[in-house]
Each structure stands twice: as structure tokens, then as C-alpha cells.
> 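Handing you this structure, nothing more for now.
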Amino acid sequence: QVHVAESGGGSVQAGGSLRLACVVSGYTYRNYFVGWFRQPPGKEREGVACVDTHGGTRYADSVKGRFTMSQDIAKNTVYLQMNSLQPEDTAMYYCAADLAQMTGVCRTRVTDFGHWGQGTQVTVSS
């Protein structure tokens, strides 16, 4: 059974940094995509970034140049380093995982992922 768990959220001032961690368990092989999503208050969940089975990453335009995904395969952990945080980055952040698609290319689409964590809150004050 696949299990996804995020950690690392918190409160920072604008311009600050946070690193989120996501542990994915239950897969036998590293043949799954991992995505980060966020849901601001009163808004829909949106894609932030994803990583494919070969470490290739993709980012939403709103976070390019500020957020970076990395992974520690031995620990089944994926990280989201968030720099230059702004108040508009305030949201509940979710990690999600699912088996890699045939294209081999991950997408930051909510519907591409079936296993979700409980979320971790990120609050950025001005």
C-alpha cells in the first residue's frame, strides 16, 4: 500500500526559505512520479512541480527560479526547496505520487496522481 507523507511547512517572512520533504513508501521500484501541489485559501489545488523516474523536473511558471525539487532515492524522499517566498505562496502544500506514465514525462496535474499526503501548511507574511 502506497503511503505519502509531507513535512517541513511553517511560517516565514517574505524573502525567506523553507524546505519541504515528502516520503513515499509502498512502491517496490522507483517507477513512480512525485508531484508537489498547493491549495491557497479559498482556491483550487494547483500544481507546483514534479519529478519523473530519471530525476527530470518540471515547474509551474509561478515558481520557476525560486523552487527546486531534489530527491534522495535511498531514503524514498523528495524535497522541495522554496526560496524567495512571497505572500502569494501561502497555501497548504501537498505531495502526491503515482506510477510513471508511458510518456516518461511527469505533469503537474492533480488528476495524474492518485496517492496524496495530508498536506503541510506554508505561511508567508509580508
> Answer yes or no on whether Arg45 is positioned over the face of Tyr94, meaning its NZ or CZ is under 6.0 Å from the six-membered ring centre and within 45° of the axis.
yes
> For the backbone of Gly114 and the side chain of Asp98, can you confirm whether one donor and one acceptor N or O come within less than 3.5 Å of each other?
yes
> Do Val24 and Cys22 pass the side chain to side chain contact (heavy atoms under 4.5 Å, CB included) test, and can you show the C-alpha distance, the side-chain angles, and the key distance before you say yes or no?
CA-CA 6 Å; Val24 180; Cys22 173; 3.9 Å; yes
> If you round to the nearest 0.5 Å, how far is CE of Met92 from CD of Gln118?
9.5 Å
> Could you go through the side chain to side chain contact (heavy atoms under 4.5 Å, CB included) check for Gln71 and Val34 one step at a time?
CA-CA 10 Å; Gln71 57 183 346; Val34 179; 5.9 Å; no
> Is the shortest side-chain heavy-atom distance between Leu18 and Leu85 below 4.5 Å?
yes
> What distance do Thr53 atom OG1 and Arg30 atom CZ have between them, rounded to the nearest 0.5 Å?
7.0 Å
> Closer than 3.5 angstrom, by distance alone: can the side chain of Thr77 be matched with the main-chain N or O of Lys75 as a donor-acceptor pair?
yes
> Please test Thr90 against Gln121 for side chain to side chain contact (heavy atoms under 4.5 Å, CB included), starting from the C-alpha separation and ending with a verdict.
CA-CA 8 Å; Thr90 293; Gln121 179 67 37; 4.1 Å; yes
> If you define the side chain from C-beta out and look only at heavy atoms, does anything of Leu99 sit under 4.5 Å from Tyr27?
yes
> Any idea which heavy atoms bring Ser17 and Asn83 closest together, and the distance?
OG-OD1, 2.9 Å
> So does Gly9 get a backbone contact from the side chain of Thr120, meaning a donor-acceptor N/O pair under 3.5 Å?
yes
> To the nearest 0.5 angstrom, please state how far the CG atom of Asp89 sits from the CE atom of Met82.
7.5 Å
> Start with the C-alpha distance between Phe33 and Cys50, add both sets of side-chain angles, then the distance that settles side chain to side chain contact (heavy atoms under 4.5 Å, CB included), and finish with yes or no.
CA-CA 7 Å; Phe33 293 162; Cys50 65; 5.8 Å; no
> Ring centroids only, cut at 6.0 angstrom: are Phe67 and Trp36 within range, meaning strictly under it?
no
> Report yes if the side chains of Met69 and Val78 come closer than 4.5 Å at any heavy-atom pair, otherwise no.
yes
> Are the side chains of Tyr59 and Arg66 in touch, meaning some heavy atoms are under 4.5 Å apart?
no
> So is Arg19 actually on top of Tyr79's ring, under 6.0 Å and inside 45° of the axis?
yes
> Do the non-hydrogen side-chain atoms of Gln101 and Asp112 ever get within less than 4.5 Å of each other?
yes
> Specify the closest pair of heavy atoms between Ala96 and Phe37, including all atoms of both residues, with the distance to one decimal.
CB-CE1, 4.1 Å
> Give, for atom OH of Tyr93 and atom OG of Ser7, the distance between the pair rounded to the nearest 0.5 Å.
15.0 Å
> Can you see which heavy atom on Asp61 is nearest to which on Lys64, and at what distance?
OD1-NZ, 3.1 Å
> Indicate yes or no: at least one non-hydrogen side-chain atom of Val110 is less than 4.5 angstrom from one of Gln39.
no
> If I take atom OG from residue Ser126 and atom CD from residue Gln86, how far apart are they, to the nearest 0.5 angstrom?
9.5 Å
> I'd like to check Asp52 versus Arg58 (side-chain heavy atoms, cut-off strictly below 4.5 Å). Are they in contact?
yes
> If you compare all heavy atoms of Cys106 against all heavy atoms of Gly56, which two are closest, and at what distance to 0.1 Å?
SG-O, 4.4 Å
> Taking all non-hydrogen atoms of both residues, which atom of Ala60 and which atom of Gly47 are closest, and how far apart?
CB-O, 3.5 Å
> Taking all atoms of both residues into account, what is the closest heavy-atom pair of Ala97 and Val4, and its distance?
CB-CG2, 4.1 Å
> Does Leu80 reach the side chain of Val48, with side-chain heavy atoms less than 4.5 Å apart?
yes
> Can you tell me how far apart CG (Leu20) and CD (Glu6) are? Round to the nearest 0.5 Å.
8.5 Å
